[in-house]
Engineer: 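Okay, handing you the structure first.
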Amino acid sequence: MISVRNHRLPLNGSSFLIVILLLLAVGCTPRIRVLRPAGSQTEPKRETTTAEEREKDAIKETAEIDANQIALLLPFQLDKANQHAPSTVDIRRSALALDFYQGFKLGLDALSAQGVNFKVDVLDTRDDVAENARIAKTDQVQQATLVVGPVYPKEIQVFGYNASLDSSVLQISPLAASMPSEFDLPNLVTLTAPLMAHVEALATHIVNEYQTGDVVLFYQTEDAASRQFLDPLKARVRQLNSRIDIANVNDQASLESSIHLSGKNLLVMGTTNKYLISPILANLRTLRDELSYDIRLFGHPNWTKLDFDEIDGLAGFRASVTSSFYVNKGDKRTQEFDSRYRSEFGITPTEFAYKGYDAAYYFGSLLAKYGAEYKSHIQDETYNGLHNTFTFKYNPAWGYVNHHIWILQFRDGDFRPVN
């Protein structure tokens, strides 16, 4: 097994992939022993003067590292890569795993600078069900205090059923937004809020915006995204306030017959298809600009990933969406992370890098503070991260779920928080 002292590794995606390939080529899973990095401000330990003192120090450090063992499971898919000269295709295939790992590394670096020790076993899940079943039974997993990954739903389920983890060990789902009820794993921690959390947050927001004389219009299209989002949202709005005036529309004619000239028209769209969204927005602009209807727009969470132009007019509708990801580029912590990431890896951090950092820093902090008892404190410790806040609710059937949701409103050319 190769043990790597966690000093600065100025690697970009290509060179880092080569390092991982070399490690696997000699039959080892990369093991990263995280100690104090170069430049740490932590006061160094004084030199021990006797063999007994040195032995005590060694035992103490070993016990601390053993209590902070992390198994990090990511889909590098290195089995498909050229071991001697990774291609652009190889890098692209591994990009998600590389970005998350590099952010995760910086999160542990920040803690190790405070004198905390970790031992991390990085395992390539290969985005393969059989490999996940095999990895689940390895010593690296069975001896871990914390398991981070896998990331894809099919991997999460297979790994969880085969791992037989101790009840004190949590399995972290760092990226998947799937409903945790799909997995039925009581020790699973879902970091990315599932769709029902978005439904709850948006329903509450709409009810708070509603006033007597307003109408809530649900614009239903035939695509699956619209049905999956609008049906539970409408039901939740009714539960929160049964007196709300609700109308269902599905085309221009039904919209124009249901819209109110007095009061606000709170219109909700669930489609993520830009080709369906654009003509609807054009019709809404006509109703607003030529007939003076007051229209407030609410969209699907995935609207944050679509490209909207100024001509779409979202700002004029005060368009709002829910999101589990928002990075404030003006925040000092974000700027420090961005600078460190570019310095260390030579590239700009992605969404997955921010998520990797927050996962490492939050759970690493829990391990540092509580050791093997960290699971008992996950609901007590709220974390305001770079990309989201972690605040967990527990269900004995499917574990812990992060329920923090941003309400973002479109202004100045982008979606920005209102909460």
Side-chain angles (χ1 to χ4, degrees), residues 99 103 107 174-177 190-211 214 216 225 229-230 233 236-237 240 264 266-270 272 274 277 281 294-310 312-339 341 348-359 361-362 381-393 401-419:
D99 291 347
L175 301 177
T190 302
L191 297 190
T192 303
L195 185 64
M196 290 311 297
H198 290 266
V199 166
E200 177 67 29
L202 186 56
T204 301
H205 183 63
I206 289 172
V207 168
N208 290 338
E209 291 285 306
Y210 180 87
Q211 296 176 318
D214 296 346
V216 180
F229 187 56
L230 292 191
L233 180 62
R236 186 56 182 148
V237 168
L240 292 173
K264 300 190 301 293
L266 309 177
L267 190 144
V268 191
M269 294 170 59
T272 58
K274 190 68 187 299
I277 295 171
L281 290 177
D294 184 355
I295 301 171
R296 310 291 172 85
L297 187 60
F298 303 89
H300 191 281
N302 285 345
W303 277 22
T304 58
K305 300 178 181 179
L306 300 179
D307 291 325
F308 288 101
D309 300 322
E310 184 177 346
D312 292 317
L314 291 190
F317 297 119
R318 303 183 189 179
S320 299
V321 298
T322 56
S323 179
S324 59
F325 180 84
Y326 176 76
V327 172
N328 179 6
K329 289 295 187 177
D331 180 72
K332 182 179 179 181
R333 288 190 309 149
T334 301
Q335 293 173 347
E336 290 174 350
F337 172 79
D338 289 354
S339 176
Y341 194 92
T348 299
T350 66
E351 170 183 344
F352 305 115
Y354 292 113
K355 290 181 176 181
Y357 178 90
D358 283 338
Y361 197 89
Y362 176 69
E381 299 278 347
T382 297
Y383 169 70
N384 295 315
L386 297 180
H387 86 283
N388 199 8
T389 294
F390 292 164
T391 174
F392 294 97
K393 295 182 180 179
V401 181
N402 183 27
H403 276 259
H404 183 269
I405 296 292
W406 297 105
I407 303 294
L408 307 179
Q409 189 175 90
F410 195 88
R411 57 183 187 274
D412 300 324
D414 201 359
F415 286 102
R416 303 176 187 279
V418 297
N419 60 329

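We use all heavy atoms of the structure for the numbers below, so side chains are in, but hydrogens, waters and symmetry mates are not.
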Engineer: Nearest 0.5 Å, what's the CH2-CZ distance between Trp303 and Phe410?
Structural biologist: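 Spacing of CH2 (Trp303) from CZ (Phe410) equals 10.5 Å.
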Engineer: Checking side chain to side chain contact (heavy atoms under 4.5 Å, CB included) for the pair Tyr326/Thr304: CA distance, chi angles, key distance, verdict?
Structural biologist: CA-CA 10 Å; Tyr326 176 76; Thr304 58; over 6 Å; no
Engineer: To the nearest 0.5 Å, tell me how far Asp414 CG sits from Leu408 CG.
Structural biologist: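 Asp414 atom CG to Leu408 atom CG measures 8.5 Å (nearest 0.5 Å).
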Engineer: Output the distance between atom CZ (Phe392) and atom OH (Tyr362), rounded to the nearest 0.5 Å.
Structural biologist: 5.0 Å
Engineer: Is Lys274 paired with Asp312 through a side-chain N to carboxylate O contact shorter than 4.0 Å?
Structural biologist: yes
Engineer: Of Thr391, Thr389, Asp358, Asn402, which meets side-chain hydrogen bond (donor to acceptor under 3.5 Å, both in side chains) against Tyr383?
Structural biologist: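 Only match with Tyr383 under side-chain hydrogen bond (donor to acceptor under 3.5 Å, both in side chains): Asp358.
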Engineer: Would you call the rings of Phe298 and His205 parallel, tilted or perpendicular, taking 30° and 60° as the class edges?
Structural biologist: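 Correct class here is perpendicular.
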Engineer: Does a side-chain heavy-atom distance below 4.5 Å link Pro349 with Phe337?
Structural biologist: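 Result yes, sub-4.5 Å side-chain heavy-atom pair found.
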Engineer: Counting only heavy atoms not in Arg318, do more than 12 sit closer than 6.0 Å to its CZ atom?
Structural biologist: no
Engineer: Between Ala203 and Arg236, which heavy-atom pair has the shortest distance, and what is it?
Structural biologist: CB-CG, 3.6 Å
Engineer: Between Asp338 and Lys329, does a salt bridge (charged side-chain N to carboxylate O under 4.0 Å, His left out) hold up when you go through it step by step?
Structural biologist: CA-CA 9 Å; Asp338 289 354; Lys329 289 295 187 177; 3.1 Å; yes
Engineer: Do side-chain atoms of Trp406 reach the backbone of His387 as a donor and acceptor pair under 3.5 angstrom?
Structural biologist: yes
Engineer: Tell me whether Arg333 contacts the main-chain N or O of Gly385 through its side chain, where contact means a donor paired with an acceptor under 3.5 Å.
Structural biologist: yes
Engineer: Strictly distance-based, threshold 3.5 Å: is any side-chain N or O of Ser339 a donor or acceptor partner for the main-chain N or O of Gln335?
Structural biologist: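 No.
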Engineer: What heavy-atom pair brings Ile407 and Ala201 nearest, and what distance separates the two atoms?
Structural biologist: CD1-O, 4.2 Å
Engineer: Answer with yes or no whether the side chains of Asp99 and Tyr354 bring together a donor and an acceptor at under 3.5 Å.
Structural biologist: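 There is no such pair (donor and acceptor under 3.5 Å, judged by atom type) between the side chains of Tyr354 and Asp99.
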Engineer: What distance separates Asp214 CG from Arg296 CZ, expressed to the nearest 0.5 Å?
Structural biologist: 8.0 Å
Engineer: Quick one, His300 with Leu306, criterion side chain to side chain contact (heavy atoms under 4.5 Å, CB included). Give me CA distance, side-chain angles, the key distance, then yes/no.
Structural biologist: CA-CA 10 Å; His300 191 281; Leu306 300 179; over 6 Å; no
Engineer: How far does NE2 of His403 sit from CD of Glu200, to the nearest 0.5 angstrom?
Structural biologist: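 Result: 8.5 Å between the selected atoms.
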Engineer: Check step by step if side chain to side chain contact (heavy atoms under 4.5 Å, CB included) holds for Phe229 and Val199.
Structural biologist: CA-CA 7 Å; Phe229 187 56; Val199 166; 4.1 Å; yes
Engineer: Looking at every heavy atom in both Pro194 and Val401, which two are closest together, and how far apart are they?
Structural biologist: CD-CG1, 3.5 Å
Engineer: Working to the nearest 0.5 angstrom, can you tell me the gap between Ser320 OG and Arg416 CZ?
Structural biologist: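 Those atoms lie 13.5 Å apart.
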Engineer: Between the main-chain N or O of Leu175 and the side-chain N or O of Thr192, is there a donor-acceptor pair closer than 3.5 Å?
Structural biologist: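 Side chain of Thr192 to backbone of Leu175: a pair is present.
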Engineer: As a quick check of understanding, evaluate side chain to side chain contact (heavy atoms under 4.5 Å, CB included) for Val207 and Val216, giving each step before the final call.
Structural biologist: CA-CA 9 Å; Val207 168; Val216 180; over 6 Å; no
Engineer: Check Ala177 against Ala193 and note the closest heavy-atom contact, atom names and distance.
Structural biologist: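 Looks like CB-O, 4.1 Å.
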Engineer: Which atoms form the tightest heavy-atom contact between Ile405 and Ala197, and what is the distance?
Structural biologist: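 Looks like CG1-O, 3.8 Å.
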Engineer: So, Thr272 and Asn302: side-chain donor and acceptor under 3.5 Å apart, yes or no?
Structural biologist: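 The criterion, which ignores hydrogens and geometry beyond distance, is not satisfied for Asn302 and Thr272.
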Engineer: Got a donor-acceptor contact below 3.5 angstrom from the Thr322 side chain to the Leu202 backbone?
Structural biologist: no
